[in-house]
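The block underneath contains the structure these notes are about, expressed in structure tokens.
It should be emphasised that the depicted structure is a prediction, and the values quoted were computed from it without experimental measurement.
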Amino acid sequence: MRRHAEVWALQIKNLLGARETYRAYNMRTGRVEAVREGFPLPVLSFKLLL
């Protein structure tokens with residue numbers, strides 16, 4: 001009989017919602033504007049250990 005182990009993990013990246021600022025061109029206004037963006041990102045992973 002073959003033995004193995006399974007590992008499930010759930011990580012929440014940027015849990016506190018830190019925001020980064022960058023500049024992007026707005027085609028509607030024709031200007032470069034500062035954009036603040038940041039959101040929590042859930043990451044689910046699975047590992048099979050043989």
Side-chain angles (χ1 to χ4, degrees):
M1 185 169 155
R2 189 169 188 136
R3 296 182 182 267
H4 68 276
E6 301 172 357
V7 178
W8 286 91
L10 174 64
Q11 298 177 347
I12 308 294
K13 305 290 185 172
N14 196 15
L15 180 63
L16 300 178
R19 297 193 176 266
E20 291 188 30
T21 302
Y22 65 93
R23 302 214 176 263
Y25 181 74
N26 186 333
M27 294 181 74
R28 290 185 182 180
T29 63
R31 299 186 327 172
V32 176
E33 299 175 351
V35 177
R36 294 194 68 195
E37 185 176 271
F39 52 90
L41 179 67
V43 178
L44 180 64
S45 63
F46 173 78
K47 187 186 296 186
L48 180 61
L49 305 170
L50 299 177

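- Hydrophobic side-chain contacts under 4.5 Å tie Leu49 into a cluster, directly or through other members, with Val7.
- Scanning for side chain to side chain contact (heavy atoms under 4.5 Å, CB included) contacts around Arg3 gives an empty result, with sequence neighbours left out.
- Residue pairs meeting the ring pair (Phe, Tyr, Trp, His ring centres under 6.0 Å) criterion with at least one partner in residues 27-50, sequence neighbours excluded, are Trp8-Phe46.
- With sequence neighbours excluded, no residue forms a side chain to side chain donor-acceptor pair (under 3.5 Å) with Lys47.
- Counting heavy atoms from C-beta on, the side chains of Val35 and Arg23 never come closer than 4.5 Å.
- What you find for Pro42 and Leu10 is that their closest heavy atoms are CB-CD1, 4.5 Å.
- Counting only residues at least two apart or on different chains, no ring pair (Phe, Tyr, Trp, His ring centres under 6.0 Å) pair has a member in residues 10-36.
- Partners of Leu15 according to the side chain to side chain contact (heavy atoms under 4.5 Å, CB included) rule, which considers only residues two or more places apart in sequence or in another chain, are Ile12.
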Side chains of residues 27-34: which donor-acceptor pairs under 3.5 Å do they make with residues two or more places apart or in other chains?
{"unit_1": "Thr29", "atom_1": "OG1", "unit_2": "Arg31", "atom_2": "N", "d": "3.4"}
{"unit_1": "Thr29", "atom_1": "OG1", "unit_2": "Glu33", "atom_2": "OE2", "d": "3.3"}
{"unit_1": "Glu33", "atom_1": "OE1", "unit_2": "Asn26", "atom_2": "ND2", "d": "3.2"}
{"unit_1": "Glu33", "atom_1": "OE2", "unit_2": "Asn26", "atom_2": "ND2", "d": "3.3"}

